[in-house]
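Only one structure is covered here, and it is reproduced in the block below.
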Amino acid sequence: MSPSGTQPTKSNRLKYMIGGGLFLIALILMIISATKATAEFFMTVRELNETREDLTGQNLRVSGAVIGESITYDSAANELQFVIAHIPGKDDEIRAAGGLSFVLHQAVVDPDNPRIMVIYQGAPPDMLRDEAQAILTGTLNPKGEFLAEELLLKCPSKYEEAVPNQVEN
Amino acid sequence: MISTFGYLTLALAFLLAVYGLFAVVLGLVQKSAAWTESARLALLLIFPLVTVSLVVLTMLLVGQRFDVAYVYSVTSSEMPIYLRLTAVWGGQSGSLLFWSWLVAGFSLFFALRKWRDEPDLLPWSLLVVFLTLAFFLMVNVFMETPFERFWHMPDGSRVLSVLQPVGAWSLVPQDGQGLNPLLRHPGMIWHPPTLYLGFIGFIIPFALAVSSLASGRRDRRWVDIARPWMLIAWVFLTLGLVLGMRWAYDILGWGGYWGWDPVEIAALLPWLSATAWIHTAILQRRKNHFKRWNLVLVILTFVFVIFGTFITRSGVLSSVHAFAGSEIGLPMFIYTAFLSLGSLGLLVYRWRDLHTDYAPSFGFTKETLTLFSNLILLSILMVCFLGVIYPIISELLTDTQITVGPAWYKRITGPLLILQLFLVGICPLAGWSLTNLTRWRKHLWVLLPISLLAPLAAWFFGDVRGGLALLCMWLVSFSVGVLIADYLQGAAREKGSAGGNILSALWSPIQRNHRRYGGMLVHLGIVLLSLGIIGIEGLQQETQSTLSLGETVNLGGYSFKFEGLEHFEEADGRLVTEALLSITRDGKPIGALYPQREIYPNMGLAITQPGLRSNLAVDLYAVLIDWRPISQDEATFRVFINPLVTWLWVGTGVVTLGTVVALLPDKLRRK
């Protein structure tokens with residue numbers, strides 16, 4: 001079965017290379033423009049508080065410990081507010097400091113720990129509670145409050161406890 | 001003790017895997033078929049042993065043996081039996097055991113096939129399988145074992161151990177911690193196992209590719225043997241992904257059906273490369289070309305499977321799917337690196353041998369379309385991979401972690417997916433030669449106007465105004481038209497031989513070429529599935545409103561009236577609050593939604609269950625967000641109208657059916 005009209009020749013390879021090359025250039029341009037428009041810089045609460053001015057308008061991602069008593073939700077305005085406290089940004093720092101649930105607990109009870117107010121348009125997620133780890137994406141407003149567009153929550157403490165305390169005698 | 005027994009069978013399976021590994025290597029070094037056969041027999045024994053171990057774990061879970069740490073951590077006495085069964089894969093060590101069991105199962109079937117015709121492919125395939133089995137069983141035996149129990153030591157401390165330490169007595173907690181409420185969903189029954197089956201199925205094509213390379217073969221025999229394994233793995237992975245979407249859709253807070261979570265993406269990566277392989281494998285069969293490319297794709301597929309397992313289980317990335325921090329990251333990394341570098345090194349070593357002098361044709365042919373669709377699939381794959389590792393590379397290069405989110409992925413993959421949909425649609429128009437298009441000319445005069453009816457209907461009846469959504473709907477209707485016309489042409493050609501019987505004429509194209517028409521059916525499924533994605537991405541409407549008793553909220557022509565709240569307690573201790581929203585359209589009542597919020601008091605967690613009413617045209621979806629606890633006459637709802645979503649599930653069914661047709665035995669043809 002020889003294809004009529006198209007003879008397999010070397011020049012076809014060239015056509016593929018040109019077609020594929022143009023496609024890849026378009027793809028790379030798309031990646032660059034999407035990155036410029038939407039990429040988020042990961043910062044800790046402390047870094048956010050220190051470099052507040054330079055960050056206005058920048059897409060940011062921040063992780064912190066939720067302070068339970070600060071959670072308020074105004075259902076009429078559909079606005080959720082809570083405060084998060086600083087935790088280290090890197091996993092190995094968290095591990096060195098005694099594990100995630102310990103770090104989260106310390107962050108909440110220590111009043112000198114840097115904190116930041118979070119404002120979110122939307123309902124409180126199911127996992128939002130005291131000492132949960134919140135991973136937020138959004139921007140800083142001029143007042144230094146974090147306007148979150150997305151909330152991701154983790155509650156590790158329950159599942160990290162290796163040996164139970166409750167015992168049957 | 002029964003848990004010790006489970007552990008010992010697991011340990012025995014591990015020892016057999018190590019033995020098998022040595023026997024295979026000896027067989028290869030000494031070129032001895034006897035050693036290889038001994039290894040093959042060892043492989044046959046591993047599956048029953050791991051099965052016993054898995055059965056023991058299931059018995060422990062069902063029997064509520066809370067002195068076993070795994071049982072304690074993933075079950076509690078109030079959980080229904082089906083959830084206790086699914087708890088087998090509800091935690092790290094249990095799911096690893098389940099994973100090892102599946103690897104052993106696939107290997108068993110693989111070892112049982114007839115190897116007489118290609119004895120040279122067997123030992124190297126066995127080597128790959130044994131490496132994998134030995135690795136995962138090692139992790140299960142030494143690092144993450146589900147059979148550890150709690151013990152009181154004489155000095156008052158508490159330890160975890162499989163065997164009873166000297167002088168220790170057993171510590172039996174009254175109740176377990178219970179499975180994470182987010183996992184207490186029927187999705188937990190089907191989503192993890194199908195996904196795992198998909199992932200693990202790729203080990204067989206990978207083993208065949210490696211053994212073909214290592215034994216110096218240059219033919220396409222490995223492709224032929226690998227094809228059914230690849231299709232089976234592919235369809236399970238597809239099902240696993242879509243079941244995950246369905247689950248996410250049913251539980252609020254998981255971002256609709258697809259959240260661009262790193263672990264979701266990690267599961268999509270092997271799907272993309274496997275899809276590419278399925279298409280270029282056809283080119284290798286027909287034109288004996290793309291030898292290297294197909295090897296690259298299979299290796300990539302398996303490497304991505306292991307990469308996905310690595311990032312899920314090691315805790316390097318934060319994700320809803322991630323297991324709690326674990327120590328298996330480093331060994332997983334070493335294993336991943338070893339397999340990737342080993343297989344890629346082998347490919348480089350054989351690169352020259354696999355040279356072909358063939359230059360591809362260029363034009364409106366299946367070959368050109370396949371190559372471009374490969375380019376698109378691989379581009380999506382590269383973009384997704386880049387997105388997943390972006391935080392890791394940016395931190396290495398700039399010391400600031402930069403992450404990319406759903407907006408980034410949607411912007412880049414959106415156009416690529418539309419282009420891919422277009423290629424799927426026009427694929428039947430192209431033949432293996434250019435002459436095919438002339439055959440279609442007169443049909444296109446009918447198909448093009450008819451296909452415009454769908455976007456026109458969406459414009460006039462559905463009030464759809466988005467240009468992109470209309471374009472996509474046209475693409476869908478055109479593709480469906482072309483696929484049906486293609487099938488009817490096939491049936492018409494057979495009509496004479498079928499003696500005019502319409503039913504047998506309709507069956508005959510499949511009988512004559514089940515691979516082609518199975519593939520076309522899969523394409524039809526993909527097109528229908530895209531309709532669901534277009535609906536939710538492009539046409540979704542939502543609103544949020546706080547309603548007093550008897551008030552209504554209007555959205556998209558529907559009225560939702562708040563009729564009341566009800567509180568009750570389920571048998572397993574959940575406190576449920578259920579709202580009743582009655583729906584009317586043009587004044588006529590059409591049903592009701594019952595959104596719920598469930599509270600798990602002993603875990604301090606709440607779960608939102610949306611109220612859902614769906615048909616082929618539209619899903620009405622409501623979430624109960626908040627209510628006044630005392631007066632109960634005011635509540636806040638978020639209401640969504642998700643058009644066409646049902647097609648996502650219907651399309652997946654068609655994809656599955658198509659894969660089954662494509663897998664029918666070749667004998668059918670000669671009947």
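In what follows, chains carry the letters A, B, and so on, assigned in the order in which the sequence lines appear, proteins first and then strands, with residues in each chain numbered from 1. Excluded from the calculations below are hydrogen atoms, water molecules and symmetry mates; all remaining heavy atoms, backbone and side chain alike, are included.
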| request: Side chain from CB out, backbone as N, CA, C, O: work out which of these in A:F41 comes under 4.5 Å of a heavy atom of chain B, or both, or neither. | output: both
| remark: Nearest heavy-atom contact between A:V62 and A:T44 is CG2-C, 4.0 Å
| note | If one checks every heavy atom of B:F372 against chain A at 4.5 Å, the contacting part turns out to be side chain
| said: If you compare all heavy atoms of B:Y70 against all heavy atoms of B:G91, which two are closest, and at what distance to 0.1 Å? | reply: OH-N, 2.9 Å
| field | The single option from A:D110, A:I84, A:I67 passing side chain to side chain contact (heavy atoms under 4.5 Å, CB included) against A:R115 | value | A:I67
| Counting distance only, does the side-chain N/O of B:W408 pair as donor-acceptor with the main-chain N or O of A:A39 below 3.5 Å? | no
| message | I'd like to know whether B:S76 forms a side-chain contact (heavy atoms from CB on, under 4.5 Å) with B:Q177, so could you lay out the CA-CA distance, the side-chain angles of the two residues, the decisive distance to 0.1 Å, and finally the verdict. | response | CA-CA 6 Å; B:S76 57; B:Q177 292 178 305; over 6 Å; no
| 4.5 Å side-chain heavy-atom contact, A:S33 and B:R411 | yes
| said: For B:L624, which atoms come within 4.5 Å of any heavy atom of chain A: side chain, backbone, both, or neither? | reply: neither
| query | Where on A:E47 is there a heavy atom nearer than 4.5 Å to chain B: the side chain, the backbone, both, or neither? | reply | neither
| said: Taking side chain as everything from C-beta outward and backbone as N, CA, C, O, which of these in B:T636 sits under 4.5 Å from a heavy atom of chain A? Side chain, backbone, both or neither. | reply: side chain
| query | So what's closer than 4.5 Å to chain A heavy atoms on B:I376: side chain, backbone, both or neither? | reply | both
| Segment of A:T35 engaging chain B (4.5 angstrom heavy-atom cut-off) | both
| said: Out of B:L386, B:T546, B:T368, return the one with the most heavy atom pairs under 4.5 angstrom to chain A. | reply: B:T368
| task | Output the option from A:T137, A:T38, A:L60 having the highest count of non-hydrogen pairs under 4.5 Å with chain B. | result | A:T38
| Under a 4.5 Å cut-off applied to non-hydrogen side-chain atoms, are B:E598 and B:I607 in contact? | yes
